[in-house]
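The structure appears below as structure tokens.
If you're wondering where the values come from, they're calculated on a predicted model, not measured in any experiment.
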Amino acid sequence: MNTNALIGSILPPWVVAVDTFDDHDAVLFPAEEEVISRSVETRRKEFATARMCARQAMGLLGLPPQPLLPGLRGEPQWPKGFVGSITHCAGYRGAVVSPGGDTITIGIDAEPNEPLSNGVLEAVSLPEERKALRALAVDHPEVSWDRLLFSAKESVYKAWFPLAKRWLDFEDAILTFNPVLGAFSARILVTGPHVGGQQLAGFTGKYMARDGLLLTAIVMATSTASRRHRPVLRRPVPQPVRA
């Protein structure tokens, strides 16, 4: 397990992340075993290892080991007062957790840095997005932009569902990427829930391409966290003027 997590580099400092590139012989709680009992061994291993990452992250925040059961859409049910997200793909499992006083919602996703299968991009994207991806691929061919779009939309959904409690289709959000900043924004095209007195209209997130992986993350901070972790701007010290 790695507490200096790869995905931690695109997360704010108050979010705890743990990840691993290998499966482990993780012990599940009986209720979790029941959830995964009919799954194939590979699915069981990724489920158990991801839960192990989550429990280690929770432990770093002072939480005792406890089961993380799936909710209505398979989302992990975090302890009261905490939010988090889990992801796994070939060669990677990761989990992130934050106190609810700092974070409203989180969504993370990991994918291999490889093109999507034929026909998948058309199913998960809008025409404007496909046009933008073609331009990005010319200037940054090292990134599988179709797969990155898919990953970012997965992160959008994971951040959306705990707030809205309803489905969000791939075509219900339009994404744009900023390769200079390693960032993306998502504009929600359906009516969103009210969060903090305002209607949710979208998300901003970060991404990275490294070690054959694409990682995306969305963290919606509370106003308390934004104030507490705001960088201090220091005025330059006046220098003497030489005559």
Side-chain angles (χ1 to χ4, degrees), residues 1-8 10-111 151 153-168 193 203 205 213 215-222 225:
M1 293 293 167
N2 178 20
T3 54
N4 187 21
L6 181 64
I7 201 169
I10 56 172
L11 295 170
W14 63 85
V15 178
V16 175
V18 176
D19 62 10
T20 181
F21 299 95
D22 302 296
D23 281 325
H24 297 259
D25 293 326
V27 177
L28 293 172
F29 283 83
E32 293 172 327
E33 286 281 8
E34 185 176 351
V35 167
I36 206 72
S37 61
R38 297 183 180 180
S39 299
V40 297
E41 185 62 16
T42 53
R43 168 60 180 148
R44 186 191 182 283
K45 284 184 176 180
E46 68 183 15
F47 179 94
T49 301
R51 256 57 183 182
M52 188 175 180
C53 288
R55 276 190 271 277
Q56 187 168 346
M58 289 160 56
L60 294 172
L61 292 172
L63 289 167
Q66 54 195 285
L68 286 174
L69 299 177
L72 294 173
R73 294 286 182 177
E75 76 284 3
Q77 298 296 287
W78 300 96
K80 185 177 181 180
F82 292 83
V83 296
S85 188
I86 288 175
T87 187
H88 43 72
C89 70
Y92 185 84
R93 288 86 172 88
V96 300
V97 186
S98 171
D102 289 331
T103 304
I104 298 170
T105 190
I106 301 179
I108 66 168
D109 188 69
E111 299 289 335
S151 177
K153 288 201 172 186
E154 287 289 302
S155 287
V156 167
Y157 178 77
K158 291 178 182 180
W160 159 273
F161 188 80
L163 303 176
K165 300 298 183 186
R166 66 179 189 270
W167 187 258
L168 187 74
F203 297 99
L213 293 168
L215 303 176
T216 57
I218 292 170
V219 178
M220 179 180 284
T222 64

Take Leu213 and Cys89, measure what side chain to side chain contact (heavy atoms under 4.5 Å, CB included) needs, and give me the verdict at the end.
CA-CA 9 Å; Leu213 293 168; Cys89 70; 3.8 Å; yes

So Trp167 and Tyr157, ring pair (Phe, Tyr, Trp, His ring centres under 6.0 Å) or not? Walk me through it.
CA-CA 8 Å; Trp167 187 258; Tyr157 178 77; 5.0 Å; yes

Please test Val156 against Leu168 for side chain to side chain contact (heavy atoms under 4.5 Å, CB included), starting from the C-alpha separation and ending with a verdict.
CA-CA 9 Å; Val156 167; Leu168 187 74; 3.8 Å; yes

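Gln66 has its side chain within reach of Met58: a pair of non-hydrogen atoms, C-beta onward, lies under 4.5 Å apart. Between Ile7 and Ile108, some side-chain heavy-atom pair lies under the 4.5 Å cut-off. Phe161 is not listed as a side-chain neighbour of Thr105, based on a closest heavy-atom distance of 4.5 Å or more. Taking 4.5 Å as the limit, some side-chain heavy atom of Val15 sits within range of a side-chain heavy atom of Thr103. Under the 4.5 Å side-chain criterion, counting only non-hydrogen atoms from C-beta, Val16 is not in contact with Ser98. Looking at heavy atoms from C-beta onward, Trp78 lies out of side-chain contact with Pro162 at the 4.5 angstrom threshold. A heavy-atom distance below 4.5 Å is not found between the side chains of Ile10 and Thr216. Looking at Phe21 and Leu6, their side chains come closer than 4.5 Å, going by heavy atoms from C-beta outward.
In this structure, Lys153 does not pair ionically with Glu111, as no charged nitrogen and carboxylate oxygen lie closer than 4.0 Å. Using a 4.0 Å cut-off between charged nitrogen and carboxylate oxygen, Arg93 and Asp19 do not count as a salt-bridge pair.
Shown here for Ser85 and Lys158, the closest heavy-atom pair between the two residues is OG-CD, 3.7 Å. The minimum heavy-atom distance between Arg43 and Glu46, with the atom names listed, is O-CG, 3.2 Å. Taking every heavy atom of both residues into account, Leu11 and Ala17 meet most closely at CD1-CB, 3.8 Å. Between Leu215 and Ala110, the shortest heavy-atom contact is CD2-CB, 3.3 Å. For the residue pair Ser155 and Ala217, the shortest heavy atom distance occurs at OG-N, 4.1 Å. Contact record, Arg55 with Pro67: NH1-CA, 3.8 Å, taken as the closest heavy-atom pair.
With values rounded to the nearest 0.5 angstrom, Asp102 atom CG is found 14.5 Å from Met220 atom CE. For the atom pair Glu32 CD and Arg44 CZ, the distance stands at 10.0 Å (nearest 0.5 Å). Between atom CD1 of residue Ile218 and atom CD1 of residue Ile106 there is a gap of 11.0 Å, rounded to the nearest 0.5 Å. With rounding to the nearest 0.5 Å, the separation of CG in Leu61 from CZ in Phe82 is 6.0 Å.
Judged by the 6.0 Å distance and 45° axis criteria, Arg51 is positioned over the aromatic ring of Phe47.
A side-chain N or O of Thr49 and one of Asp23 form a donor-acceptor pair less than 3.5 Å apart.
Around CD of Glu33, the count of heavy atoms belonging to other residues, nucleotides or ligands within 6.0 Å exceeds 12.
For the side-chain contact (heavy atoms from CB on, under 4.5 Å) with Val35, the lone residue among Leu68, Leu28, Leu69 that qualifies is Leu69.
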